Amino acid sequence: MTRYTPSEIEARWQAVWERDGIFRAVRSADKPKYYVLEMFPYPSGRIHMGHVRNYTMGDVISRYKLAQGFNVLHPMGWDAFGLAAENAAMQKGIHPGVWTYQNIEDMKTQMKPLGFSLDWSREIATCHPEYYRHQQAMFIDMIDAGLIYRKNAVVNWDPVDMTVLANEQVEQGRGWRSGALVERRELTQWFFKISDYSEELLSALDGLENWPAKVRLMQENWIGKSRGLQFAFSTVDAPEGHDRIEVYTTRPDTLLGASFVGISPDHPLAKVLERDDEAVAAFVTECRKGGTTEEAIETGEKLGFDTGIRVRHPFDTAQELPVYIANFILMDYGTGAVFGCPAHDVRDFEFATKYDLPIIATFLPSEDSDENLSEAFVPAKTEKVFYIRGFAGESWQTGNEAIDAAIAFCESNGVGQGVTKYRLRDWGLSRQRYWGCPIPVVHCDECGVVPEKKENLPVKLPEDVSFDIPGNPLDRHMEWRTTPCPACGKQALRETDTMDTFVDSSWYYARFTAPRADTPTVMEDAEYWMNVDQYIGGVEHAILHLLYARFFARAMQITGHLPKSAIEPFDALFTQGMVTHAIYRSTDTGGRPVFHYPEEVETKGDKAFLEDSGAEVEIIPSAKMSKSKNNVVDPLNIISSFGADTARWFVLSDSPPERDVEWTASGAEAAHKHLSRVWNISDRITAMDDAAGTGDDDLLRAMHKTIHDVTMGIESFGFNAAIAKLYGFTATLQKSTAGKTIQREAIKTLAQLMSPMTPHLAEDIWATQGGEGLIATAPWPQADDAMLVDDTVTLPIQVNGKRRAEIEVPAEMNKDEIEKLALAHEAVIRILDGNAPKKVIVVPGRIVNVVV
RNA sequence: GCGGGCGUGAUGGAAUGGUAGACAUACCAGACUUAAAAUCUGUUGGGCCCUGUGCCCGUGUGGGUUCGAGUCCCACCGCCCGCACCA
């Protein structure tokens, strides 16, 4: 009897895999390729259970595909630029580069014991000049291709991180990392022309069948396509140059319900008025402030200022509408001006009520409805309504029909035109930070903004910087900044902004296909390895990273860095859930909450007690692992006490992969127990003598069913269900009295089926039982269809849909005979009580239903 | 507000429209043990008559489609997520 000692076998097999280089990906024309990628980590220095879960899922796929004979690419790298490194530099006085590279080393040593099937020879770090020099080269190519431009823009300024944020990085008026209230600043910034690809990025979503519908929908909403009418009101008493106000509306069918025109505080007309009128200036200033105060965001009070200017209604020039400056109108959507139709818009209704403007219904739910509305009437656009002030189409029609008719009518009468708009803005990429990829341009007094020459790349970050003063140290580094102009050779200054770190992660998947190449990519490699067949990561990247990466693949195709076939870089996407843990809380004498680490707590049933004092603590169920709540479980502790295979098995076993899984000590122990049990079975089989046993056929049938079920489970990301089947088969094998040869075949197959999840244990059993070569490269077992069908099947008999009896029949028995048998069953006869059945439904192999 | 998802035992969760609760946890009982741990075995949705190889109810609530619904359709309730003054 030997003992399962994961620490010993795991290290041993990892060494063998590394020695044989079996996970090294080499291009090969005669093998189908499979590219599996997990979202690469930020090198914080510590791996956590979320990493373990994410990379274990990828590893299951990778090992499974390898066993199926695919040429698998499964690389790993580091999303290594970012603010945390600078914060560490400020707090601890360590250079961001030193901190980052040390963290990478630390995390690698923590990841290696998990035994992932990674090709470490392709490792990349985005902060390495060998990575970012290619990013700089592509940046220059993209400027040439017109995909990047510079403009003066009002930007989101994070006053804590002292940098600009993209619109996507502002959440409810706050910086996504710092949580600080974002201010508005006007700066000259670099932008990717992602908005030019709005339609393309939207319509291509349809082709991403193997993406979660949820993610596609989130992107669709984010791109925010709308169809509407753009037209101009002519003004009365307006300042010069403003004899027209362009507006955009998605509800042109409500044009006859217009009662005011609203313009943004940032509208050009508002800016003109602001200059000459103190009251306007005061109001506009208030609005700008108001946009970012917490109170304004919460209450959302609609404020307006009557400019005194009037506009003429396009259909009836005698009708004049007032022009308000309103705080809720955004300059960067549509034209920065709207017409208000209070009857059919909740916000306009609120505004009209406040400023005593008319509320004019254009349509009603029925012909006899009251025209005087007490609240805005906003039915779904697919609902038929009755138009009392329609001007195009039928009286009874849906909103959509009316909108189409209204646009057609307006176009043919010279009132504006139908326009499609998108919510998606261009992606501002400039960041006023040190630890990022330098933007490779030079500012020359003579030549203006000039891209650096490609032969001068990389523009490397200077090493000698200090972080004792807030702001970007590059600004202060005159020696680094001063450089000859690439165009005229005169002394000029480098750009000190660096790129948003989302740029780094927008193309790393492509770099992995040729990680050491002198060019950003190599066409043959990209053509062979792209696309990523399976991408796995957190749903938190559903919009930002995945949208940027999709855009970047297109931009790289245009600039000749990716083949056309790779413009949608991720064929299949899987978004996995988090690892959660209960929180253990007590209160101190001052009534403040105290959070206890799981290892300080002993659980008994549904109660938990502190190990040292025995005091009971409150259990708060399942929350995301968080340092502030002390509900973290360190993977390293789990590996040292149970082994990597246990950690891997457990994170897959308890919940479907797309959902959160709660880490529990008992669950981890159960996983470990199970692996020991498998080990012991293998041990027992080894010690068996060769005498014939009983039930060989039953064991083989169970084995083939398990092969079938587990294979299906892995294919469909049903890892938890696959594991349940493996538990079942283990129990069967444990009790089996079959002969040694058959049991040996069964344990070897079990090891193979487990090998994607618990590769070390599987490898060891394989070797012990005389498996050929490594289990990692052994061909995946095939289920024999003939073995999946039993000779006899148990059919439940229902009467009126309720189960009443069971019969055991030969599998190939025909319907008529089954029906006869079922009707002859005593329970059925008793229930029928002499009555003839109305109908008997026989589903062969499934069920019999007798209808009375 | 708009969009989407999900509601199944004490718990995590199984279930191509076909025996609801697989598998695991927890609990309880038993074997082994001086004892404990470990290991192994067994029970566990609720109720009724406990006589069964018995009957009734049961997948958030109410309705519908179907021979048959956790699964499909409609309405409602609850929870979760995304977006949000988007014209």
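In what follows, chains carry the letters A, B, and so on, assigned in the order in which the sequence lines appear, proteins first and then strands, with residues in each chain numbered from 1. Keep in mind the model is a prediction, meaning the values are calculated, not measured.
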What nitrogen or oxygen pairs link the protein and nucleotides 65-73 of chain B at under 3.5 Å?
from, atom 1, to, atom 2, distance (Å)
B:C67, O2', A:Asn849, ND2, 3.1
B:C67, O2, A:Asn849, ND2, 2.6

Between the protein and nucleotides 36-46 of chain B, list the N/O to N/O atom pairs that are separated by less than 3.5 angstrom.
from, atom 1, to, atom 2, distance (Å)
B:C40, OP1, A:Arg677, NE, 3.1

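Within the nucleic acid shown, A:Lys421 has no heavy atom closer than 4.0 Å to any nucleic acid atom. No contact: A:Asp348 has no heavy atom under 4.0 Å from any strand. Within 4.0 Å (heavy atoms only), A:Glu826 reaches no atom of the nucleic acid at all. Within 4.0 Å (heavy atoms only), A:Leu330 reaches at least one base atom of the nucleic acid. Within 4.0 Å of A:Ser653, counting heavy atoms only, lies no atom of the nucleic acid at all.
B:C85 and B:G18 are spaced 45 Å apart, taking the P atom of each and rounding to whole Å. Between B:A29 and B:U43, the two C1' atoms lie 7 Å apart (nearest whole Å). Rounded to a whole angstrom, the distance from the C1' atom of B:A26 to that of B:A10 is 7 Å. For the P atoms, the distance from B:A36 to B:C28 is 14 Å, rounded to whole Å. B:G21 and B:G45 have their C1' atoms separated by 8 Å, with the value rounded to a whole Å. Nucleotides B:C50 and B:U34 are separated by 44 Å at their P atoms, to the nearest Å. On the P atoms, B:C27 is 29 Å away from B:C80, given to the nearest whole Å. As rounded to the nearest Å, B:C57 and B:U39 have P atoms that lie 43 Å from one another.
With distances taken from any side-chain atom of A:Pro656 to the nucleotides B:G54, B:A87, B:G13, the minimum falls on B:G13. Relative to the side chain of A:Asp654, the nucleotides B:G3, B:G12, B:A14 differ in distance, and B:G12 lies closest. When distances run from any side-chain atom of A:Leu217 to the nucleotides B:G3, B:C83, B:U25, the shortest one goes to B:G3. Among B:G13, B:G3, B:C83, the nucleotide with an atom closest to any side-chain atom of A:Arg659 is B:G13. Considering only side-chain atoms of A:Ser655, the nucleotide from B:G12, B:A87, B:G4 that sits closest is B:G12.
In this structure, A:Glu658 places its CD atom where more than 12 heavy-atom neighbours from other residues, nucleotides or ligands lie under 6.0 Å away. No more than 12 heavy atoms of other residues, nucleotides or ligands lie within 6.0 Å of NE2 in A:His708, so this atom counts as exposed by the packing criterion. Counting non-hydrogen atoms of neighbouring residues, nucleotides and ligands closer than 6.0 angstrom, the CD atom of A:Glu199 exceeds 12 such neighbours. Atom CD of A:Glu209 has 12 or fewer neighbouring heavy atoms from other residues, nucleotides or ligands inside a 6.0 Å radius. Summarising the local packing, NZ of A:Lys354 is surrounded by more than 12 heavy atoms from other residues, nucleotides or ligands at distances under 6.0 Å. Surrounding NZ of A:Lys705 are more than 12 heavy atoms belonging to other residues, nucleotides or ligands, all under 6.0 Å away.
If you measure from atom CG of A:Asp709 to atom P of B:A15, you get 11 Å, rounded to the nearest angstrom. Rounded to whole Å, atom P of B:C80 lies 19 Å from atom CD of A:Glu658. The distance from atom CG of A:Asp660 to atom C1' of B:G13 is 14 Å, rounded to the nearest whole Å. Spacing between atom NZ of A:Lys225 and atom P of B:C83 amounts to 22 Å, rounded to whole angstrom units. Computed from coordinates, the A:Lys214 NZ to B:C83 P distance equals 10 Å when rounded to whole Å. Rounded to whole angstrom, the span from the NE2 atom of A:His541 across to the P atom of B:C81 amounts to 18 Å. Between A:Phe351 atom CZ and B:C85 atom P the separation is 17 Å, expressed in whole Å. Residue A:Ile847 contributes atom CD1, which lies 8 Å from atom P of B:A20 at whole-angstrom precision.
OP1 or OP2 of B:C86 lies within a sub-4.0 Å distance of a side-chain N or O belonging to A:Arg347. OP1 or OP2 of B:A87 has at least one side-chain nitrogen or oxygen of A:Tyr333 nearer than 4.0 Å. Contact annotation: A:Asn327 side-chain N/O to B:C85 OP1/OP2 distance is not under 4.0 Å.
B:G9 takes the syn form, because its glycosidic angle lies no more than 90° either side of 0.
Across every non-hydrogen atom of A:Ala783 and A:Ile707, the tightest pair is N-CG2, 3.5 Å. Of all non-hydrogen atoms in A:Asp645 and A:Leu761, the two that sit nearest each other are OD2-N, 2.8 Å.
The base of B:U53 is not paired with the side chain of A:Arg804 by any donor and acceptor separated by under 3.5 Å. At a cut-off of 3.5 angstrom, counting only N and O atoms as typed in the model, there is a donor on one side and an acceptor on the other between the side-chain of A:Lys302 and the base of B:C85.
With 3.5 Å as the limit, one finds no donor-acceptor pair spanning the side chains of A:Thr646 and A:Tyr4. Looking only at atom types and distance, the side chain of A:Tyr248 has a donor-acceptor partner in the side chain of A:Ser226 under 3.5 Å away. Side-chain atoms of A:Glu808 and A:Thr794 include a donor-acceptor pair closer than 3.5 Å.
Nearest-nucleotide positions on RNA chain B place A:Ile723 closer to the 5' end than the other of A:Ile723 and A:Phe339. Looking at which nucleotide of RNA chain B each of A:Lys381 and A:Thr664 is closest to, the 5′-most match is held by A:Thr664.
Here A:Phe642 and A:Phe650 keep their ring centres 6.0 angstrom or further from each other. Ring to ring, A:Tyr355 and A:Phe260 are not that close: their centroids are 6.0 angstrom or more apart.
Judged by Watson-Crick or G-U wobble contacts below 3.5 Å, the nucleotide B:C76 has B:G60 as its partner.
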